[in-house]
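A short write-up of the structure that comes next.
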Amino acid sequence: MNLKHVLNVIKGDLWPILKQRGYINKFVLTPLLVIPLTLLATPLALKMASGDSATTPAVLAIDSARPLPRELARVLEKGLPSAGGFLLMPVEDPVRYVAERKAQIGLRYDPKGSLEVIARQTTVGGAAMVKRLGTLLSYYQAMKIAAVVGDSQTASQLAPQVRVVDAATPAERALGSMAFLIPMVVVIWLLNTVEHTALEISIGDRERGTLETLLLTPVSRESVAYGKVLAAGVVGVAASLSAWVAVVVTGWISRLLPLGGDTSLSNLDMPIGGQILLTPWGTFGFFTVMITSGLLFAAFILWFGFFSSSMRDARMRLSALGLMIMFAGLGLQFSDTLATRSWVYLTPVLNGVVALLEAAKSTLTPTALLSTAAVNLVLAGLFASLAARALLRGRVLPGSQQL
């Protein structure tokens, strides 16, 4: 293998692509615009649409035939610092009203002393409303116990005040419910960028006949093989750096926008968030996972492209990889559980998505980062060696006579 020949192959693969009109703008500069817009527009739109939870209380459907006690109604309407109040709406049938989504929660009072909470708990909003209503009902029960006992100290022991302490990191609180957007947007963009270039230097060269011509030159097959593998690696690193810089820029911009604080969706009791506060360790972890994921995507797509019958066939088959990323994104809903499982960081694609989320929250552990990077690099090396082996054995041109 001749190093000069390897460098010439890399130059021959990448230079024509870089000279294509709009390539730099589309795959290098565009992420600096698209990723910040995607990550910032969603929380800003939700915040403007939701308004202030203090001035826009959620609707609580109550049975008009069974009015609530005056003290209970006052507690529900006024709310607490830790739980917003409700707009009481008497209706004939609270169950049907909630089922028809006219209200996310309902309450039916029995004069004998029982309360029936009505909610669609299969939704995030319904579960959040049950939590809010439960806090207010607990407070009301404590008031009733204090009134009966007459001793505030004894009442406190019977119904102790509950205070929730947020153990999340500052970066995690700043991200809020928008945390899942970061790994999804970044990984999908990375895949699309790498896919375009890696297929161009594999199946694209074969369709244009340039690969067959290159193999007929005095350049050894080893130089061609490793040159293309390294060219794909350069693409993976470049795409990763572009997306990583876009995330860092998004973090800087988000600190200048009104995305922090405790602003919540008025009907979900969930922090909107949207700020990216990457710590030095989080930045390093994000960078490492991005680079190794980019190398893995590049090596896999290069190997995959050599064995595809056409560019169209390759793109259609690679859509399955996009679906894998989407399924991995669904796992982010259970990230608190997944992040504690060691096998997650040994699973390709899923490890990168979860590790990126943990890095953005500044909760990524050194063991998880090392496992993710090691798995990605080992698999990238495996697919790169398979691609080089396919070239060395002449299997990428099955119909060529020179083979």
Side-chain angles (χ1 to χ4, degrees), residues 1-31 189-245 287-308 311 314 318 373-374 376-397 400 402-403:
M1 183 177 65
N2 188 305
L3 180 59
K4 183 178 179 180
H5 289 168
V6 171
L7 295 176
N8 286 334
V9 172
I10 296 176
K11 179 181 177 181
D13 280 338
L14 297 182
W15 184 244
I17 297 176
L18 294 176
K19 289 195 303 183
Q20 291 179 9
R21 185 176 180 180
Y23 179 86
I24 297 295
N25 291 335
K26 183 177 181 182
F27 292 106
V28 179
L29 300 180
T30 301
W189 184 271
L190 176 62
L191 175 63
N192 290 337
T193 305
V194 173
E195 176 185 329
H196 174 84
T197 310
L199 289 181
E200 281 293 324
I201 64 178
S202 55
I203 184 66
D205 278 359
R206 192 176 70 185
E207 288 185 342
R208 291 186 294 268
T210 54
L211 180 59
E212 182 178 358
T213 303
L214 182 61
L215 293 177
L216 292 173
T217 64
V219 178
S220 65
R221 288 181 180 269
E222 289 87 351
S223 299
V224 174
Y226 292 108
K228 285 190 172 294
V229 167
L230 290 175
V234 169
V235 171
V237 171
S240 301
L241 284 173
S242 177
W244 176 75
V245 170
F287 174 80
T288 304
V289 175
M290 287 292 299
I291 293 295
T292 56
S293 296
L295 289 173
L296 173 58
F297 288 160
F300 172 77
I301 295 173
L302 179 71
W303 167 78
F304 188 84
F306 282 143
F307 290 94
S308 299
M311 182 72 77
L318 281 175
N376 288 347
L377 289 176
V378 168
L379 289 178
L382 173 63
F383 286 119
S385 63
L386 290 175
R389 187 179 181 185
L391 270 173
L392 292 175
R393 296 191 175 186
R395 293 181 178 178
V396 298
L397 298 172
S400 300
Q402 82 274 12
L403 301 179

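Quick note: numbers below take in every heavy atom, side chains included, and nothing from hydrogens, waters or symmetry partners.
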### Task
Check side chain to side chain contact (heavy atoms under 4.5 Å, CB included) between F304 and all other residues, then give those that pass, not counting sequence neighbours.
F300, S308, A314, R317, L318
### Query
Of all heavy-atom pairs between A384 and A299, which one has the smallest distance, and what is that distance?
N-CB, 3.9 Å
### Message
Let me confirm one number: the CG-CG distance from L295 to L379, rounded to the nearest 0.5 Å.
### Response
12.0 Å
### Query
Could you walk me through whether L302 and L199 pass the side-chain contact (heavy atoms from CB on, under 4.5 Å) check?
CA-CA 6 Å; L302 179 71; L199 289 181; over 6 Å; no
### Query
Who are the side chain to side chain contact (heavy atoms under 4.5 Å, CB included) partners of L386, not counting sequence neighbours?
W303, L382, F383
### Query
Do L241 and F287 pass the side-chain contact (heavy atoms from CB on, under 4.5 Å) test, and can you show the C-alpha distance, the side-chain angles, and the key distance before you say yes or no?
CA-CA 8 Å; L241 284 173; F287 174 80; 3.2 Å; yes
### Over all atoms of both residues, closest heavy-atom pair of A373 and T288
CB-CG2, 4.0 Å
## Note on the structure
Taking every heavy atom of A231 against every heavy atom of I201, the minimum-distance pair comes out as CB-CD1, 4.0 Å
## Note on the structure
Minimal heavy-atom distance between S202 and G305, with the atoms involved, is OG-CA, 3.7 Å
### Query
When rounded to the nearest 0.5 angstrom, what distance separates OG1 in T292 from CZ in F297?
9.5 Å
### Any residue meeting side chain to side chain contact (heavy atoms under 4.5 Å, CB included) with V245, in chain and number order, not counting sequence neighbours
L32, V249
### Task
Could you check I291, I301, N376 and say which one makes a side-chain contact (heavy atoms from CB on, under 4.5 Å) with L296?
N376
### Summary
Closest non-hydrogen atoms of A198 and A298, given as atom of the first, atom of the second and distance, are CB-O, 4.1 Å
#### Entry: Approximate separation, where rounding is to 0.5 Å, of I203 CD1 and R208 CZ
10.0 Å
### Query
Between E195 and E200, does a side-chain contact (heavy atoms from CB on, under 4.5 Å) hold up when you go through it step by step?
CA-CA 8 Å; E195 176 185 329; E200 281 293 324; over 6 Å; no
